[in-house]
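Predicted model only: the values in this text are computed from it and were never measured. Protein chains get the first letters and strands the later ones, always in sequence-line order, with residue 1 at the start of each.
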Amino acid sequence: MEYPFEKIEKKRQEIWKEQKVFNAIDGSEKPKYYVLSMFPYPSGALHMGHISNYSIADVIARFKLMQGYNVMQPMGYDSFGLPAENFAIQNHSHPRITTDESIEIMAKQFQSIGFGIDWEREVSTCHPDYYVWGQWLFKRMYEKGLAYKKFSFVNWCENCQTVLANEQVEDGKCWRCENPVRQKELKQWFFKITDYAEELLDFSKVIDWPERVKTMQANWIGKSEGTNIHFKLEDSDEIITVFTTRPDTIFGCTFMALPPEHPLVTEWLKDEPNDSKISKFCSKVMNEDKILRTAEDTTKEGIFSKRYAINPVNGKKVQIWITNYVLMEYGTGAVMAVPAHDQRDFEFAKKYNIPITIVIQTPEKDLILKEMTEAYIELGILVNSAQFDGMESTASMQAITDWMAENNMGEYAITYRLRDWGISRQRYWGTPIPVIYCDKCGTVLVPDKDLPVILPINVKLGKTTQNPLLSVEEWVNTTCPQCGGPAKRETDTMDTFVDSSWYYARYTDTKNDREPFAKDKADYWLPVDQYIGGIEHAVMHLMYARFFHKFMRDIGLVSSDEPFARLLTQGMVTKDGAKMSKSKGNTVDPQYIIDRYGSDTLRVFMLFASPPEKDVEWSDEGVKGAFRFLNRVWRLFEENLELIKIATKMHKKEQENKAATNSHELAQKENDLATKGHEGTRRISNEIKELRYSTHFTIKKVLNDIEDRMQFNTAIAAIMEHLNNIYGITELGKLTDAEKVIFSESCAVIPRLLYFFAPHISEELWSMLGNEILVHEAGIPEFNKEFLKKDEVTYVVQIMGKVRGKMEVPVDTPEEDIKKLALEIENVKKHLQGKEIKKIIVVPKKLVSIVAK
RNA sequence: GCGAAAGUGGCGGAAUUGGCAGACGCGCUGGACUUAGAAUCCAGUCCCGAUUUUCGGGAUAGGGGUUCAAAUCCCCUCUUUCGCACCA
């Protein structure tokens, strides 16, 4: 017989809903706990990844709820974006319709799984009551100079007809459709995330984030400290500034390298005939795919510009070369080349016969130019460097920079790899950028009173090569809010990462129609105490959200410095070793599993299969195993209900009598009852004592695994083990009264421990025992240290590291006696024959290690 | 190339502080119940050896080291995954 999961799960969900168990209370007296899983993209229906993600969050939410926190676990939908637009096109529908349909299906599924979500805080980013505040935030960014428009080369995906952020380019390909990305120059909106580069590097205000994620963000920001050095052009007042992290090598600079995009090069080209070698070279390089051009194995090429710069430190003339290996985007867009001490410069100098000067010597043996086959890039002792000769690299960098600063040759500088965040998308399904272009007034923001700029619904979608919004003339053509004259709307929409950069804050006040959220509510709830999501968001989403949070702090919307205090990056769900995906055809529909085995089974399987941060490999048999386990629990209660009720009845009576004021006293009383006993209940068997130990050990283990270790698989394993221990007690009819109490308690604790992983069945069993309150209202179960003390402990006896025997001794046996006892074991004696005992090490309660020769 | 993490039975994984390697689950093998299957229950399940309820040896990617004691700490090598990658 299978346990009636369908009936139970429905019933329990209704009760939770009726009693508003998961409704978060703004500003409650209780301490708050905000648990959040990254919100889903409405893709039609839930997939296994969602189940895994939200099951993890639900364990934490229910645990905190049981601990007495005011818990908020909200849910929403990241519903703008390309896939929705493409999906609608494919189905000859409209994204407004298809996304709302998807959301409806998913919400229903979420409810059928019984996650502890506060459904009164739902958000959907594609609805005007949400995106209006995205537009509002954009305007505040603009006012602060953090949103601006500029021409720039952008990553362009021909297939998606849109611009991609650097973070969305993977290996030179579009992160969604895997089409090769090419460079295109467009005028784009940017957010000045670089203003926050330094603060984004500082993780001191988060409580617990994986090192891996912090490192990835730090790499992405890519801070380097060095020196800006100003070179004068020969016969000109122009100055070229270069950035270097190795000012100690400045005396070895023998040429300068510029990219063809450099503004000075552009100037020079004006005086060049189109068919000159230089012009040809520049246009060739600029037309090359930037991804290919910047690949490491691309050969370094260049051409002499016929111009010279003056090295400020020694007045020497250096050739200026135009090359393909320097990036306009990094540093100052110009490089001082020191071929002796930089591998790229070395290769280039060898190829084009440019002089090489050694200025750093190794401490061990002198470098000889003719013998060098590669650059010496390590630090060393300065030579050929005028007054700095003989200095050590590290010290000289500071000295040289100081000296250059005094003489106006350069100064200390910091450079970041991080670029500003391009947020323009030439796509329909996104938040309209609240900007109007007027011939007279230029770029004008839509006034707050006219927000939201509603995304028009009446558009022609299809395989157009341009933004569908351009065709909605009645929307594009508008009047200028300043002069009232004819004007046009911005047709770019915002990157969906903008929408997801502040949704966690909107959850604190979803119905607010005067501001994004009220400050007091945000300050009550934020930061999110536990954020959960995939590692794939380590850089983009998690960094953008941090940027937004700091911005919102700076304009006074929130008081905290970081949005997410703790971060858990959960693994993927795989099948046959690969990530479950429709394209690979290795998906399993969660709904099918829920219909067949119930939500509790699916959750237990997911949580038991591996720890949260690791991938979960799907296994049909594993699901059956989880189901079998829940059935075993159910059967235990069904078959022994009256016996198991004893503990509940006793506990109730105790409460009524107020005889015991706390659970420790209660446990003590029970202990007295059990050991001293009444008539006919004098003794408890060792077997039952072991069971009582198991009960308290399991409580301790489960609490520790959830709260301190976040390792749910071993918590579930512990409950399974405890269940096995209970089933190990046969002949229940022969139990004395005292033993019955202990047995009953050992069973009755199961619903309170299993609740986090299989809440429906746990709640049902709990109520079957006669409890009128819900499981979480009973609070976290407590273990009694007294019952974790064992009378006897097992010592392992080792000789030279090999196990030669085991012994059971009373806990308080003195060390000397333990040694004696160990030496009396037959097998130990045998192995010690003819050997001399050098030392005996006793590790209390664990082992005896004998050193003998 | 640089950086990080990881590598444990047939499989997922456990071993929390250096202290009995393989918890728990899956699978498999045998048995009970059953007309049969499903379900359930019981027993077994790292490898080798023998005197086979016991004992000995080996085993945590491979090699070396520290230690009474190493999956755990150190060094080298290999493999996998992830991140970064002409960053001046």
Side-chain angles (χ1 to χ4, degrees), chain A residues 1-2 210-213 215-220 222-224 226-227 229 242-246 249 256-257 293-300 323-327 329-338 341-345 347-348 415-417 535-536 538-539 574 604-605 608-611 613-626 628-629 631-632 635 701 704-705 708-709 711 713-724 727 794-806 827 830-831 838-853:
Chain A
M1 269 283 283
E2 290 178 355
E211 279 311 314
R212 187 153 74 117
V213 175
T215 311
M216 280 161 75
Q217 292 201 2
N219 280 343
W220 196 265
K223 178 180 181 175
S224 13
T227 308
I229 303 173
V242 300
F243 173 76
T244 180
T245 52
R246 291 293 302 275
T249 63
M256 179 179 281
R293 184 178 139 198
T294 56
E296 199 176 7
D297 45 12
T298 305
T299 36
K300 286 155 193 60
T323 71
N324 66 343
Y325 75 92
V326 177
L327 304 172
E329 291 80 17
Y330 186 76
T332 60
V335 172
M336 68 169 213
V338 185
H341 306 293
D342 181 284
Q343 187 56 30
R344 292 155 294 169
D345 299 342
E347 286 168 30
F348 194 86
T415 293
Y416 300 93
R417 206 186 71 105
I535 187 73
E536 67 273 19
V539 178
T574 61
V604 168
F605 164 71
F608 178 62
S610 68
E613 325 80 61
K614 290 183 85 174
D615 291 352
V616 174
E617 169 71 16
W618 181 262
S619 153
D620 291 329
E621 299 306 327
V623 175
K624 282 185 199 163
R628 196 174 300 154
F629 164 60
N631 271 301
R632 245 159 88 80
R635 226 176 315 120
K701 167 100 180 134
N704 178 253
D705 279 354
D708 302 331
R709 301 210 305 153
Q711 197 169 298
N713 54 334
T714 49
I716 295 170
I719 300 172
M720 287 173 169
E721 212 169 345
H722 181 55
L723 186 69
N724 291 343
Y727 269 105
T794 308
Y795 275 84
V796 171
V797 183
Q798 296 181 341
I799 299 170
M800 297 304 288
K802 301 239 179 255
V803 180
R804 297 303 179 193
K806 287 177 191 180
N827 200 38
K830 211 172 89 189
H831 282 274
K838 302 254 177 184
K839 197 161 68 168
I840 302 179
I841 298 154
V842 177
V843 182
K845 293 179 190 174
K846 277 190 180 142
L847 87 156
V848 181
S849 187
I850 303 168
V851 188
K853 277 204 170 170

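- Nucleotides of RNA chain B nearest to A:V326 and A:I799 differ in position, and the one nearer the 5' end is that of A:I799.
- Using C1' as the reference atom, B:rG10 and B:rG31 are 23 Å apart when rounded to the nearest Å.
- Residue-level contact check: A:R212 touches the backbone only, with heavy atoms under 4.0 Å from sugar-phosphate atoms and none from bases.
- Look at B:rG9: its glycosidic torsion is within 90° of 0, and that puts it in the syn range.
- In this structure, A:E536 atom CD and B:rU81 atom P are separated by 18 Å, rounded to whole Å.
- As rounded to the nearest Å, B:rA71 and B:rU17 have C1' atoms that lie 15 Å from one another.
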Its contact letters, B for base, S for sugar-phosphate only and - for none at protein heavy atoms under 4.0 Å, make nucleotides 12-32 of chain B read BSSSB--BB--BBSSS-----

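- No hydrogens or angles were tested; on distance alone, nothing pairs the side chain of A:K839 with the base of B:rC68 as donor and acceptor under 3.5 Å.
- Spacing between atom NZ of A:K802 and atom C1' of B:rG58 amounts to 8 Å, rounded to whole angstrom units.
- The distance from atom CG of A:N631 to atom C1' of B:rA38 is 13 Å, rounded to the nearest whole Å.
- A:D615 places no side-chain N or O within 3.5 Å of a backbone atom of A:S610 that could act as its donor or acceptor partner.
- For A:R804 and B:rC68, the shortest distance from a side-chain N or O to OP1 or OP2 is not below 4.0 Å.
- Legend: residues meeting side chain to side chain contact (heavy atoms under 4.5 Å, CB included) with A:D342, ordered by chain and number and at least two apart, are A:R344, A:D345.
- As rounded to the nearest Å, B:rG13 and B:rG3 have C1' atoms that lie 28 Å from one another.
- Checking A:V851 against A:Y325, the closest nucleotide of RNA chain B that is more toward the 5' end is the one next to A:V851.
- The aromatic rings of A:F348 and A:Y325 are tilted relative to each other, their planes meeting at an angle between 30° and 60°.
- Comparing the same atom, P, in B:rC74 and in B:rG83 gives a spacing of 26 Å after rounding to whole Å.
- Using a 4.5 Å cut-off on side-chain heavy atoms (C-beta onward), A:T714 and A:R709 make contact.
- With rounding to whole Å, A:Q217 atom CD is found 18 Å from B:rA4 atom P.
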RNA chain B in dot-bracket form (Watson-Crick or G-U pairs under 3.5 Å, [ ] crossing, | inter-strand) is (((((((..(((......[....)))((((((.......))))))(((((...)))))..(((((..]....))))))))))))....

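- Under the 3.5 Å distance criterion, the side-chain polar atoms of A:T415 are left unmatched by any main-chain donor or acceptor of A:S224.
- With a 4.5 Å cut-off on side-chain heavy atoms, A:M256 and A:V335 do not count as touching.
- Taking atom C1' in both B:rA6 and B:rG62, one finds a spacing of 16 Å when rounded to whole Å.
- In plain terms, the two heavy atoms of A:N827 and A:R804 that are nearest each other are ND2-O, 2.9 Å.
- For the atom pair CZ (A:R635) and CD (A:E2), the distance works out to 11.0 Å, reported to the nearest 0.5 Å.
- A:L847 is listed as a side-chain neighbour of A:Q798, based on a closest heavy-atom distance under 4.5 Å.
- Among the atoms of the strands shown, only primed sugar atoms or phosphate atoms (P, OP1, OP2) are found under 4.0 Å from some heavy atom of A:T245.
- Using C1' as the reference atom, B:rC11 and B:rC84 are 34 Å apart when rounded to the nearest Å.
- The main-chain N or O of A:R632 is found under 3.5 Å from a side-chain atom of A:Y727 such that the two form a donor-acceptor pair.
- Remark: P of B:rC2 and CD of A:Q343 are 13 Å apart, rounded to the nearest angstrom.
- Residue-level contact check: A:H341 touches neither bases nor backbone, having no heavy atom under 4.0 Å from any strand.
- Distance alone, capped at 3.5 Å, places no donor-acceptor pair between the A:Y795 side chain and the A:K806 backbone.
- For the C1' atom pair drawn from B:rG12 and B:rG18, the interatomic distance equals 27 Å after rounding to whole Å.
- Regarding contacts with the backbone of B:rG56, a side-chain N or O of A:H831 is found under 4.0 angstrom from either OP1 or OP2.
- As rounded to the nearest Å, B:rA21 and B:rU72 have P atoms that lie 13 Å from one another.
- Put simply, CD1 on A:I535 is 13 Å from P on B:rA5, counting in whole angstrom units.
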